[in-house]
Asker: 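One structure coming up, written as structure tokens, with questions to follow.
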Amino acid sequence: MSSVTRIHDLPQHVGESVTLEAWLTGSRSSGKIAFLQLRDGSGFVQGVLPADAVDEDTFQTARALDQEAAVHVVGTVAEDVRAPSGVELHVTGLTLVAAGNEYPITPKEHGVDFLFEHRHVHLRHKRPWAILRIRDLVERSIHDFFAERGFLRFDAPFFMPTAVEGTTNLFEIDLFGEDTAYLSQSGQLYAEAGALAFGKVYTFGPTFRAEKSKTRRHLLEFWMIEPEVAWLDHAGNMQLQEDFVAYLAGRVLEGAKEELALLERDTTVLEATAQGGFPRMTYDAALDALKAAGEELTWGDDFGAPHETILGDLHDRPVFIEGWPTQTKAFYMEPYEDDPTRVKAADLIAPEGYGEIIGGSQRIHDLALLERRIAEHDLPSEAFAWYVDLRRHGSVPHSGFGMGLERLLAWFTGVNHLREVVPFPRMLTRMYP
RNA sequence: UCGGCGGUAGCUCAGUGGUAGAGCGAUCGGCUGUUAACCGAUUGGUCGUAGGUUCGAAUCCUACCCGCCGAGCCA
């Protein structure tokens with residue numbers, strides 16, 4: 001038997017006879033001709049079987065195939081302007097490997113709940129195919145970006161002794177009735193230890209938030225990338241974020257043209273993003289812009305989702321909001337020397353209503369100040385002893401940020417809900433499959 | 001937790017007090033270089049659950065369950 005060709009590579013084999021290992025996504029047939037819609041994971045192609053060009057058994061096999069039937073297909077690759085990919089397959093041989101057996105997801109419209117109840121097979125369809133291939137490309141690009149810049153990938157633990165920020169709810173894990181652990185809501189504190197050991201590190205792992213959020217922007221379990229860099233200040237931190245997001249946008253525009261087209265994604269904003277040059281707004285300027293838009297806010301308020309949408313829509317690429325009131329941010333953030341009511345932190349807000357995709361800051365490196373902040377926030381000093389200890393031995397300014405992978409992907413792909421960018425999303429109302 | 005909307009055939013929905021419907025899917029047949037094909041036939045139901053009002057309830061009332069969207073929280 002000849003070697004197997006993947007559908008993605010068919011344009012390089014025009015005129016040749018190839019073998020595919022594929023599944024049937026749909027078909028049409030008559031007494032004279034049959035059309036088979038085929039997929040193999042790498043792409044999609046149509047198989048054509050004129051009745052007078054194949055033997056009777058092959059033709060009848062083709063007509064009897066049901067949706068999601070697994071098949072071996074032999075055929076000749078032919079250019080055809082009517083085909084979306086430019087090529088189709090003139091089938092000469094066909095073997096049924098396994099029938100589709102009343103496949104549940106029919107070619108007509110379905111509701112969200114039905115599709116995610118059948119997510120284990122929904123993954124076979126074009127929309128998840130395009131989205132999850134972009135997810136894969138972005139994940140690889142993240143590793144490439146940091147590898148090219150000399151970062152060490154540094155894995156933080158998932159079981160934690162306590163909360164990093166003390167405010168959000170954590171999932172509790174019972175340790176055999178003898179102790180309690182919590183699922184990680186951030187690897188940042190550990191990444192700080194890594195930065196002081198290796199200079200430049202990043203974590204890439206799952207994050208768990210026990211919040212009863214039921215919106216398109218929230219999952220119980222999502223993936224976060226948290227770089228942490230020693231000797232890096234607030235301004236350098238924002239530049240790193242800008243370079244990072246611009247790089248990722250560029251990689252997707254270059255490497256996922258077919259997927260973006262399938263998703264009908266307008267790439268105007270992504271093209272602007274890939275150029276960098278992200279605008280920066282101070283918190284005060286953002287506050288003024290929101291007031292001008294009719295929002296009732298006073299200095300010191302944090303911004304909600306509708307506010308982020310307004311701010312994001314002011315620009316054609318992501319915007320930094322910096323200079324936040326100290327009271328709105330986490331205990332470990334470095335205050336400005338000349339104004340301790342503000343911290344050296346920035347949020348990066350995506351345009352098009354996708355909200356905050358990155359939160360970052362310069363971290364406190366002064367021992368006494370950090371100890372004071374931990375006390376002010378009523379945090380358990382024993383649990384943070386090792387974190388404080390980092391400030392005792394060669395402490396230097398350092399900065400980092402956390403990027404929500406799914407938030408970025410939802411924005412890149414233009415999907416409405418985070419659940420679409422994860423193979424098996426975990427939400428309050430979705431634990432199956 | 002709060003607010004809005006919803007739950008009727010495998011799927012998407014119509015039906016708002018008087019015999020439970022359509023399209024799609026599936027099955028069978030016809031037809032076609034088709035692209036969500038098309039034409040005909042067949043198939044298809046604890047109307048979310050429990051109780052109540054009524055001669056009669058998918059429809060009105062009460063409680064509960066589940067889902068969707070949003071808020072808060074955040075990435």
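Order of the sequence lines sets the chain letters (A, B, ...), proteins ahead of strands, with each chain counted from 1.
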Asker: Taking any strand in view, what nucleotide pairs with B:rU46 in a Watson-Crick or G-U wobble way, both distances under 3.5 Å?
Answerer: none

Asker: Scan A:E226 against the nucleic acid and name what it touches under 4.0 Å (heavy atoms): base, sugar-phosphate only, or nothing.
Answerer: nothing

Asker: Going by heavy atoms closer than 4.0 Å, what residues in residues 269-288 of chain A are next to RNA chain B?
Answerer: none

Asker: Between B:rU34, B:rC73, B:rG33, which one does the side chain of A:Q37 approach most closely?
Answerer: B:rU34

Asker: Could you tell me the separation between the CZ atom of A:R28 and the P atom of B:rC38, rounded to a whole number of Å?
Answerer: 9 Å

Asker: Looking at RNA chain B, which of residues 417-433 of chain A put a heavy atom within less than 4.0 Å of it?
Answerer: A:H417, A:L418, A:R419, A:T429

Asker: Could you check which nucleotide pairs with B:rU53 in any of the strands shown, counting Watson-Crick or G-U wobble with both distances under 3.5 Å?
Answerer: none

Asker: Counting side-chain heavy atoms from CB outward, which of B:rA71, B:rG33, B:rU35 is closest to A:V48?
Answerer: B:rG33

Asker: Across all strands, who's sitting opposite B:rA41 as a Watson-Crick or G-U wobble pair, both distances under 3.5 Å?
Answerer: B:rU27

Asker: Could you work out, with side-chain contact (heavy atoms from CB on, under 4.5 Å) as the rule, every residue matching A:K212, not counting sequence neighbours?
Answerer: A:L428

Asker: Is there a Watson-Crick or G-U wobble partner for B:rU19 with both distances under 3.5 Å, and which nucleotide is it?
Answerer: none

Asker: Going by an N to O cut-off under 4.0 Å, is there a salt bridge joining A:R149 and A:D144?
Answerer: no

Asker: Are A:F424 and A:H120 near enough that their ring centres are under 6.0 Å apart?
Answerer: no

Asker: Can you run down the side chain to side chain donor-acceptor pair (under 3.5 Å) pairs that involve residues 313-324 of chain A, sequence neighbours left out, and say none if there aren't any?
Answerer: A:H234-A:E322

Asker: Please list all pairs passing the ring pair (Phe, Tyr, Trp, His ring centres under 6.0 Å) test where one or both residues lie in residues 74-108 of chain A, with sequence neighbours left out.
Answerer: A:Y103-A:H125

Asker: Searching all strands shown, indicate the nucleotide that pairs with B:rC74 (Watson-Crick or G-U wobble; both distances under 3.5 Å).
Answerer: none

Asker: Where along residues 343-353 of chain A does a heavy atom fall under 4.0 Å from RNA chain B?
Answerer: none

Asker: On the side chain of A:E88, is there an atom forming a donor-acceptor pair with the base of B:rG33 - under 3.5 Å, no angle test?
Answerer: yes

Asker: Is the cationic atom of A:R153 (NZ for Lys, CZ for Arg) positioned less than 6.0 Å from the six-membered ring centroid of A:F146 and within 45 degrees of its normal?
Answerer: no

Asker: Using whole Å, what does the distance between atom C1' of nucleotide B:rA36 and atom NE2 of A:H125 come to?
Answerer: 13 Å

Asker: Pick base, sugar-phosphate or nothing for A:L219, based on heavy-atom distances below 4.0 Å to the nucleic acid.
Answerer: base

Asker: Picking from B:rG70, B:rG33, B:rC74, which would you name as closest to the side chain of A:R82?
Answerer: B:rG33

Asker: Where do N or O atoms of nucleotides 27-31 of chain B meet protein N or O atoms at under 3.5 Å, pair by pair?
Answerer:
| from | atom 1 | to | atom 2 | distance (Å) |
| --- | --- | --- | --- | --- |
| B:rC31 | N4 | A:S29 | O | 3.0 |

Asker: For residues 23-67 of chain A, which residue pairs qualify under ring pair (Phe, Tyr, Trp, His ring centres under 6.0 Å), counting only residues two or more places apart or in two chains?
Answerer: A:F44-A:W129

Asker: Can you name the nearest heavy-atom pair linking A:V91 to A:G47, along with the distance?
Answerer: CG2-CA, 3.9 Å

Asker: Report the distance from atom NZ of A:K214 to atom P of B:rU1, rounded to the nearest whole Å.
Answerer: 8 Å

Asker: Enumerate the protein-to-nucleotides 11-15 of chain B contacts in which both atoms are nitrogen or oxygen and the separation is below 3.5 Å.
Answerer:
| from | atom 1 | to | atom 2 | distance (Å) |
| --- | --- | --- | --- | --- |
| B:rC11 | O2' | A:E109 | O | 2.9 |
| B:rC11 | O2' | A:H110 | ND1 | 2.7 |
| B:rU12 | OP1 | A:G111 | N | 2.9 |
| B:rU12 | O2' | A:E109 | OE1 | 3.1 |

Asker: What is the pairing partner of B:rU32, taking Watson-Crick or G-U wobble pairs with both distances under 3.5 Å in any strand?
Answerer: none

Asker: Any pair with a residue in residues 38-53 of chain A that passes salt bridge (charged side-chain N to carboxylate O under 4.0 Å, His left out), sequence neighbours left out, goes on the list, sorted by first then second residue, please.
Answerer: A:R39-A:E68

Asker: If you check the A:T215 side chain, which of B:rU35, B:rA71, B:rC74 turns out closest?
Answerer: B:rA71

Asker: Could you check which residues of residues 5-13 of chain A get a heavy atom under 4.0 Å from RNA chain B? Sort them by number, please.
Answerer: none

Asker: What pairs of residues pass the salt bridge (charged side-chain N to carboxylate O under 4.0 Å, His left out) test when at least one of them lies in residues 284-304 of chain A, not counting sequence neighbours?
Answerer: A:D284-A:R342

